[in-house]
Number of protein chains: 2
Amino acid sequence: MKRVSLKVIAEELSVSVATVSLVLSGKNERGRVSQEVEKKILNKAVELNYMPNSFAKGLKMGRSKTLGLIVADVSNVFFGTLALHIQEYAEKEGYAVIIANTNEQEEKMEKMIKLLTSRQVDGLIVTPTEKSEKLIERLIVDKMPFVLVDRSFPTINTNFVMINNYEISYQATQKLIERGCRNIGLLNYHQNMYHTNERKRGCIEALQQANIYHPENVKEVRYENLKKDVENGIKELVKNKIDGIFFTTNSISILGVKNLVKQNVDIRNSMKMVCFDENDAFYLLPFSVPFIKQPIEKMGQRAIQLLIDQIEKQNSTTEKYIVDAELIIK
Amino acid sequence: MKRVSLKVIAEELSVSVATVSLVLSGKNERGRVSQEVEKKILNKAVELNYMPNSFAKGLKMGRSKTLGLIVADVSNVFFGTLALHIQEYAEKEGYAVIIANTNEQEEKMEKMIKLLTSRQVDGLIVTPTEKSEKLIERLIVDKMPFVLVDRSFPTINTNFVMINNYEISYQATQKLIERGCRNIGLLNYHQNMYHTNERKRGCIEALQQANIYHPENVKEVRYENLKKDVENGIKELVKNKIDGIFFTTNSISILGVKNLVKQNVDIRNSMKMVCFDENDAFYLLPFSVPFIKQPIEKMGQRAIQLLIDQIEKQNSTTEKYIVDAELIIK
DNA sequence: TTGTAGGCGTTATCAT
DNA sequence: ATGATAACGCCTACAA
C-alpha cells in the first residue's frame, strides 16, 4: 500500500503543501486558490488516488470521526440489529463505528472503554452491564460524550434511549389477564438492572391490581447459567400450574418457549404468554406467540442523533428518549 | 476529555519525554531507565490515567493495530457469532476490530473498503458479495493484507477460510437418501456465489449418483425477495410431493421450515430435511431438525491468524484453510 | 493568490 | 542512565 501524501502531490505540481491541503480539504472558499491550480491539484489527487492519512488528520484535529459502540452481546439478534442501524445512521453523518463486546461483564466493559478511548473515538454508545455505574460516572467526569441505549441507571443523570419498559410490561400483563389467565408466571434475570427491573415491576403491579399476584411464580435466572436456570424455572412454574407467563428478555423468551415445548405444555390451549423481542423462532411454531417489539431502528437513530449533537454542538444538557414498544399479537 | 500526554507526565516529574516514553511503551529492556524513575513514571501514569494517543502512535509507526471486518449482514446470527469470535481473537493479539456491513451489495462493499482503508486499518477480513471480484483484485494490487471468510472466488488466488461446502452437502444429501427419501428438493440462492454453488453441486451429485435427480425440484430464491420466493418455492415443491429437502443457507433454512409448517406438512412423518447452520428456532420445534454446523469459532480464529501472519510477518504466500463442517442429527 | 513554519503526541537516533 | 531533537502527515495562522 504505497502512501500518497500532500507533499507528493505538492512536489509533482511544484506548489506548496499548504495550497494542496487547502484545496483537498475543501476549504478553498471564495477562491483563495486559483481555479487553474485547484483543477491541477484535484486531477493529480485522483490520478494518484490520494487518501488522507487519518492519523495525521486526527492528531491535528483532535477528532477521529469514529464512534465506539459497546454492546452486551453481539451474537444476540437484538444487539446485532441495533448495531446494524447505528452503523447505518452513523455513516450518514460521516462517522465510522467500532463495535466492541462485553459479554455482560463489568471488567470487559472497563477494558473496552479503555480500548476505544485510547483509539480516540469521539463518542460512545453503550449498553452498560450490571454494576458499571462507576465506569459511567468516570465517562462523565472525563467529559467523554456518550449515550446509553436499552439500559440506564436511575441514579445517574445521563443521556439515554430506552423503551417504556414499565408501561409496556404492565399492558402486556393486562392482556394476559384479559385473555383469562389467573395464575401468571414471570421469568426474569437475577440481576440488578433497571430496565429489566422495570419490566418486572410492570408485570407484578398489573398482577397486584388484579389481585392475582403469587410471589412463588416469580423466578429468576442467572446469565451465566441461563440454560439450566430457565429449565428449572419452567419446571417449577409448570408444577405450580401456571396458565400464563411473561418473559422479560429476548434470550429468556427463546429458552422459555423451548422448555415449555420440552415439558409438553399444550401451549395452544392451556398456556398464554408474552415474549420480549421478535424472533425468527416464533414464526416456526405451529401457534402464534405474542411479543413485545422494540423499535430498534428508531432507537439506533435517536442514539446517533443524541450522540452527534453532543459531540458537534457541545450540547451538554442531558436528553432522555423514551420510545414506545409495541405489543404484537397476530 | 482532558488529554494526558507523555509531556504532562514528564513535566510533573521533571524528566524528559523520551524517558517517559521508554518506560510506558514497555521498551525499558535491561534497565535502561533506573528502577526508581521507572516506578515514579508508572505511578504517575496510573494517577493521571494516561492513555496513549493512537493517532500519534499510528502516525509515527505507520500501523494502527486495527483490523476491518466486512460482513454481508451483521444482523444474521452466523455473522454476528463470527464477529464475536474474530473480535475475541483479535483482541488477544492486541488488535481492535472495526465492523462494517454490506447488505450483500457490491456498491456498499466498495464503500466500506474505502471507509476502512482510509482509516488505516492494517488488514481486512471480508465475506465478499456477489460480483465483487474486481474489488478483491484491487486489494491485491494495493498490497492490502486480507483474508476472505465463508466465501471465496475460484478464479482469484487469495487467502481464505471456508468449510468443505461440497463434501458436507454431498454427505448430508446421502443421509437423506439413506433415510429413505427418493424425491428430494433443493432451495438455493439465485446468485453466482462459489460457496453456495458448491453446496448445490454436492447435493445434486449425490442425487445423480443415486439416480434420483429431478431438476424440477431445484428452486432458486432471490436475496432481495427472500420471503416471497421461499414461500413460492416451498409451495411448488410440496406440489411436487417431495419427501426430503436440502436448504443451502441459514436464512433459507429458517424461512423454509417456517413455510413447511405453514403448509401443514407433516414433518415428523412425511418429510426429512437438512438445514444449514444452527439456529435457536430449531430447538423450539416439537421435532428435531438435522443441520450442518459450521465451526464458527475456529473459522474466526484461523482468519485472524492468517491475517496477522500476513501483516506482521509480511507473509505473502497465500494460504487456504478448509475446515470441516459437521452434520448434526440428534 | 500562494508559501512558510509551528505544532499535534509519539518513537527512535544520537548525544551527553 | 537520561535528555534533546527530528520526523511522521496534516492543518492553519501568518507572512509575502
Side-chain angles (χ1 to χ4, degrees), chain A residues 1-42 44-45 48-66 94 117-122, chain B residues 1-42 44-45 48-66 94 117-122:
Chain A
M1 206 87 187
K2 68 157 194 278
R3 309 246 37 116
V4 179
S5 66
L6 294 181
K7 197 170 152 198
V8 172
I9 297 181
E11 280 168 358
E12 291 228 3
L13 296 176
S14 308
V15 295
S16 79
V17 177
T19 306
V20 179
S21 169
L22 217 55
V23 170
L24 292 182
S25 57
K27 296 254 165 35
N28 183 22
E29 291 141 356
R30 38 186 168 146
R32 287 193 45 189
V33 176
S34 67
Q35 299 265 332
E36 188 198 10
V37 175
E38 170 157 27
K39 201 162 202 173
K40 274 202 308 185
I41 292 174
L42 255 16
K44 193 50 113 184
L48 300 181
N49 189 27
Y50 168 75
M51 298 192 117
N53 181 318
S54 63
F55 297 136
K57 196 172 206 156
L59 182 56
K60 178 68 193 173
M61 310 295 274
R63 293 175 300 102
S64 60
K65 285 279 185 174
T66 302
T117 50
S118 84
R119 276 169 211 273
Q120 332 292 134
V121 295
D122 294 339
Chain B
M1 201 83 188
K2 66 156 197 277
R3 311 242 38 114
V4 178
S5 67
L6 294 181
K7 197 171 151 196
V8 172
I9 297 180
E11 279 166 359
E12 292 229 1
L13 296 175
S14 311
V15 296
S16 79
V17 177
T19 306
V20 179
S21 169
L22 215 55
V23 170
L24 293 182
S25 57
K27 295 253 165 36
N28 183 21
E29 289 141 358
R30 40 187 170 146
R32 286 194 44 189
V33 175
S34 66
Q35 299 264 333
E36 187 198 10
V37 175
E38 171 159 25
K39 202 163 200 170
K40 273 202 309 187
I41 293 174
L42 255 15
K44 195 47 117 181
L48 300 181
N49 191 26
Y50 167 75
M51 300 196 121
N53 181 319
S54 65
F55 292 138
K57 201 172 204 157
L59 181 58
K60 182 68 192 169
M61 312 293 274
R63 293 174 300 100
S64 61
K65 285 279 186 174
T66 303
T117 51
S118 82
R119 276 165 213 273
Q120 331 291 135
V121 296
D122 294 340

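Proteins get letters first, then strands, A, B, ... in listed order; numbering begins at 1 in each.
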Item to check | Gap between atoms CD1 and P, on B:Ile41 and D:dA1 respectively (whole Å) | outcome: 14 Å
Output a table of nitrogen or oxygen pairs between the protein and nucleotides 7-11 of chain C separated by less than 3.5 Å.
unit_1, atom_1, unit_2, atom_2, d
C:dG7, N2, A:Lys60, NZ, 3.3
C:dG9, N2, B:Ala56, O, 3.4
C:dT10, OP1, B:Tyr50, OH, 2.7
C:dT10, OP1, B:Asn53, N, 3.2
C:dT10, OP2, B:Leu6, N, 2.8
C:dT10, O5', B:Tyr50, OH, 3.4
C:dT11, OP2, B:Ser21, OG, 2.9
C:dT11, O2, B:Lys60, NZ, 3.2

Checklist entry - When rounded to the nearest 0.5 angstrom, what is the spacing between CD in B:Glu11 and CG in B:Leu6? => result 11.0 Å
Next on the checklist: Nearest whole Å is fine: how far is D:dG9 P from A:Glu11 CD?
Outcome noted: 11 Å
Item to check | Phosphate contact (C:dG3 OP1 or OP2) by A:Thr19 side-chain N/O below 4.0 Å | outcome: yes
Checklist entry - With a 4.5 Å heavy-atom cut-off, do A:Asn53 and B:Gln120 have their side chains touching? => result yes
Item to check | Side chain proximity check, A:Ile9 to A:Leu48, heavy atoms < 4.5 angstrom | outcome: yes
Checklist entry - Got a donor-acceptor contact below 3.5 angstrom from the A:Arg119 side chain to the A:Ser64 backbone? => result no
Checklist entry - If an axis is fit to five pairs at each end of the helix from C:dT1-D:dA16 to C:dT16-D:dA1, what is the angle between the two, to the nearest 10°? => result 50°
Checklist entry - For the residue pair B:Val4 and B:Tyr50, what are the closest heavy atoms and their distance? => result O-CD1, 3.2 Å
Checklist entry - In whole angstroms, how far is the P atom of D:dA1 from the NZ atom of B:Lys39? => result 17 Å
Checklist entry - What distance do A:Lys60 atom NZ and B:Leu59 atom CG have between them, rounded to the nearest 0.5 Å? => result 12.5 Å
Item to check | Separation of A:Asn49 CG from B:Thr117 OG1 (nearest 0.5 Å) | outcome: 8.5 Å
Checklist entry - Starting at CD1 of A:Ile9 and ending at P of D:dC10, how long is that distance when rounded to a whole Å? => result 8 Å
What donor-acceptor contacts under 3.5 angstrom involve side-chain atoms of residues 12-20 of chain A, with partners at least two apart or in another chain?
unit_1, atom_1, unit_2, atom_2, d
A:Glu12, OE1, A:Lys44, NZ, 3.1
A:Ser16, OG, A:Ala18, N, 3.4
A:Ser16, OG, A:Thr19, N, 3.2
A:Ser16, OG, A:Thr19, OG1, 3.1

